[in-house]
Amino acid sequence: MNIIFTDILPFNLEIIADGGQAFRWNRQEDGRYIGVIENNVLKVIQNDDELRIDSNADNKQTEPLKKYFDLYRDYNQIERELLRYEELIPAVRYCSGYRILFQDTWETTISFIISANNHIRNIKKTIENICRIYGNPIEHKGETYFSFPSPNVLAGLSEDELRLTKCGYRAKYIIETAKMVASGKIDIYGLKKLSTADIRKELMMLPGVGRKVADCIMLYSMRKFDAFPIDVWIKRVLEQIYFNGRKMSLAKLQNFAEKRFGDRAGFVQQYLFYYSRSCWSDIK
DNA sequence: AACCAGGTTATAA
DNA sequence: TTATAACCTGGT
């Protein structure tokens, strides 16, 4: 089926798909992005203020796609709010059109366990390996794609098997986390109604999930916009902008961001992350 | 050849 | 509470 959303601005597909929040979008030569969401293959292209989506799904439902791309939210207002922070103006201008996707909690959890101490290229490759070997095939226009495997499937693997996907020492974290989810020891989909602090505490019971990964899971799959994942880039850029380049502990930076940005922190993190990675030499 | 990269965990002061 | 080392992998 084909769907066209119009009047989507601010919206920047390139930054949204390649900005480090999702790992299963791939850019083609023609500028289209192909991704697998749940059991659907999506081919997406943006032309100015319209978004064309070609999907293998046969129903005409647009709500799930609008939710996934966060099209219900007024990003004009969010960008306006963030521009009131004078020091964020360059970042917000540069990344205008960034949106926080609404992704599946299970896939996001495993994806960000894999992301710890890892490069985006490796993360994407490992996730594709996992889907290809353990996911379900999806046929679309003569090509085969693969869904993300269920908790049950991953829970049944041995560490040596899973290491073939190149996830390295994270294999045991993934399997143990899968066991906890599959057994019902933790209900990751039921957490959303709790407070950010409470969800964080629960998520960090999962092996391989520390503060940063927990905040990514909440921000990208639970709409918890006060979550503020601090990775090396965010740490660097915060130290540069707010602390004269002095080294700060993660705890101090977390505290600072929470106080300064409140329930907009997650959006700030997105803009700062992409901007600092793209333009570090300008900031420094 | 050594070092680093989108952290977490275990251990010690 | 804060500091340090080890950890798979792939690239320079």
Side-chain angles (χ1 to χ4, degrees), chain A residues 14-26 91 95 98 100-101 103 107-130 132-133 154 157-180 186 199-221 227-240 243 246-257 265-281 283-284:
Chain A
E14 198 176 328
I15 300 182
I16 292 168
D18 281 333
Q21 61 177 316
F23 300 108
R24 295 205 72 196
W25 286 105
N26 292 301
C95 304
Y98 211 154
I100 297 180
L101 297 172
Q103 303 180 70
E107 177 173 337
T108 303
T109 299
I110 298 303
S111 295
F112 280 90
I113 287 176
I114 293 167
S115 81
N117 193 25
N118 210 344
H119 298 266
I120 289 185
R121 199 174 295 116
N122 281 354
I123 299 164
K124 289 183 78 166
K125 199 172 69 182
T126 295
I127 291 172
E128 281 318 304
N129 288 338
I130 287 176
R132 186 164 36 77
I133 302 175
L154 295 189
L157 300 178
S158 70
E159 193 180 326
D160 285 344
E161 281 177 302
L162 191 52
R163 272 184 183 246
L164 296 176
T165 64
K166 302 301 178 188
C167 60
Y169 60 86
R170 304 166 192 85
K172 60 178 179 300
Y173 299 151
I174 294 169
I175 292 166
E176 288 310 307
T177 291
K179 283 180 178 167
M180 288 176 68
I186 181 170
I199 301 172
R200 181 181 292 128
K201 203 184 307 173
E202 292 297 314
L203 287 174
M204 287 176 68
M205 311 247 288
L206 299 170
V209 178
R211 170 76 192 234
K212 190 265 178 182
V213 171
D215 278 41
C216 285
I217 297 167
M218 290 191 286
L219 186 56
Y220 303 138
S221 81
F228 192 82
I230 299 184
D231 52 57
V232 289
W233 287 98
I234 296 295
K235 183 172 186 294
R236 267 202 281 263
V237 72
L238 289 180
E239 287 165 346
Q240 190 63 38
F243 299 96
R246 284 204 325 269
K247 294 290 172 204
M248 289 286 142
S249 72
L250 285 176
K252 286 214 170 69
L253 293 174
Q254 291 287 176
N255 201 20
F256 171 80
F267 296 103
V268 173
Q269 191 270 356
Q270 291 299 105
Y271 291 96
L272 279 181
F273 176 69
Y274 194 81
Y275 178 65
S276 61
R277 288 200 71 191
S278 307
C279 312
W280 180 242
S281 53
I283 303 166
K284 223 178 154 193

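In what follows, chains carry the letters A, B, and so on, assigned in the order in which the sequence lines appear, proteins first and then strands, with residues in each chain numbered from 1. Everything numeric here is computed off the predicted structure, so don't read it as measured data.
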- prompt: Considering only C/dT9, B/dG7, B/dA5, which nucleotide approaches the side chain of A/Arg236 most closely?
  reply: B/dA5
- request: Summarise protein proximity over nucleotides 1-7 of chain C in one line of letters, 5' to 3': B for base, S for sugar-phosphate only, - for none, counting protein heavy atoms closer than 4.0 Å.
  value: ------B
Listed nucleotide nearest any side-chain atom of A/Lys166, set C/dC8, B/dA5, C/dT9: C/dT9
For atom CD1 of A/Ile114 and atom C1' of B/dT8, their distance in whole Å: 15 Å
Atom pairs under 3.5 Å, N or O on each side, protein against nucleotides 1-3 of chain B: can you list them with distances?
none

task: For A/Leu250, answer base if it contacts any base atom (sugar-phosphate contacts may also be present), sugar-phosphate if it contacts only those atoms, and nothing otherwise; contact means non-hydrogen atoms under 4.0 Å.
output: nothing
message: What is the distance, to the nearest angstrom, from the CD atom on A/Glu176 to the P atom on B/dT8?
response: 18 Å
query: Rounded to the nearest Å, what distance is computed from the CG atom of residue A/Asn118 to the P atom of nucleotide C/dT9?
result: 11 Å
query: When the distance from CG of A/Asp215 to P of B/dG7 is rounded to whole Å, what number comes out?
result: 14 Å
- line: Closest heavy-atom pair, A/Asp215 versus A/Phe228, reported as atoms and distance to 0.1 Å, is OD2-N, 2.9 Å
- prompt: Hey, does A/Pro207 reach any base, or is it just sugar-phosphate, or nothing, if we go heavy atoms under 4.0 Å?
  reply: sugar-phosphate
field: B/dT9 versus C/dG10 - spacing of their P atoms, nearest Å
entry: 23 Å
message: If I compare all heavy atoms of A/Val213 with all of A/Phe112, which pair ends up nearest, and what's the gap?
response: CG2-O, 3.3 Å
task: Could you tell me whether A/Met204 atom CE has more than 12 heavy atoms of other residues or ligands within 6.0 Å of it?
output: yes
message: Let's go through A/Gln270 and A/Tyr220 carefully: what are the C-alpha distance in whole Å and the side-chain angles of both, what is the deciding distance for side-chain hydrogen bond (donor to acceptor under 3.5 Å, both in side chains) to 0.1 Å, and is it a yes or a no?
response: CA-CA 11 Å; A/Gln270 291 299 105; A/Tyr220 303 138; 2.8 Å; yes
- prompt: Would a distance-only check, ignoring hydrogens and angles, find a side-chain to backbone donor-acceptor pair under 3.5 Å from A/Gln21 to A/Leu219?
  reply: no
- line: dist A/Ile133:CD1 -> A/Thr165:OG1 (nearest 0.5 Å) comes out at 6.5 Å
query: In whole Å, what is the span from the CZ atom of A/Arg170 to the P atom of C/dG10?
result: 11 Å
- request: With heavy atoms under 4.0 Å as the rule, sort A/Arg211 into base, sugar-phosphate or nothing.
  value: sugar-phosphate
- request: Give a yes or no on whether a salt bridge exists between A/Arg236 and A/Glu239, defined as a side-chain N under 4.0 angstrom from a carboxylate O.
  value: no
Salt bridge (Lys or Arg N to Asp or Glu O under 4.0 Å) between A/Lys179 and A/Glu176, intermediate numbers included: CA-CA 5 Å; A/Lys179 283 180 178 167; A/Glu176 288 310 307; 3.7 Å; yes
task: Look at atom NZ of A/Lys172 and say whether more than 12 heavy atoms of other residues, nucleotides or ligands are closer to it than 6.0 Å.
output: yes
query: Looking at A/Lys212, does any N or O in its side chain come under 4.0 Å of the phosphate oxygens OP1/OP2 on B/dT8?
result: no
- prompt: Starting at CG of A/Leu203 and ending at C1' of B/dT8, how long is that distance when rounded to a whole Å?
  reply: 15 Å
message: For DNA chain C, report each stem as range with range, ordered by first number, or say none. Use Watson-Crick or G-U wobble pairs under 3.5 Å, at least 3 in a row.
response: B:2-5 with C:9-12, B:7-13 with C:1-7
- request: State whether A/Glu159 and A/Arg163 are salt-bridged, where the test is any N-O pair (Lys NZ or Arg NE/NH1/NH2 against Asp/Glu carboxylate O) under 4.0 Å.
  value: yes
message: What contact category does A/Gly20 fall into here, base, sugar-phosphate, or nothing, at under 4.0 angstrom with non-hydrogen atoms?
response: base
Trace of the side chain to side chain contact (heavy atoms under 4.5 Å, CB included) decision for A/Asn122 with A/Ile114: CA-CA 9 Å; A/Asn122 281 354; A/Ile114 293 167; over 6 Å; no
- request: Return the 5'-most residue of the pair A/Gly208, A/Ile123 with respect to DNA chain B, ranking by each residue's nearest nucleotide.
  value: A/Ile123
message: Could you tell me how far apart A/Met204 (CE) and B/dG7 (P) are, to the nearest whole angstrom?
response: 15 Å
field: Any donor-acceptor N/O pair, A/Thr126 side chain to A/Lys166 backbone, under 3.5 Å
entry: yes
query: Roughly, in whole Å, what's the span from CZ in A/Arg200 to P in B/dT8?
result: 12 Å
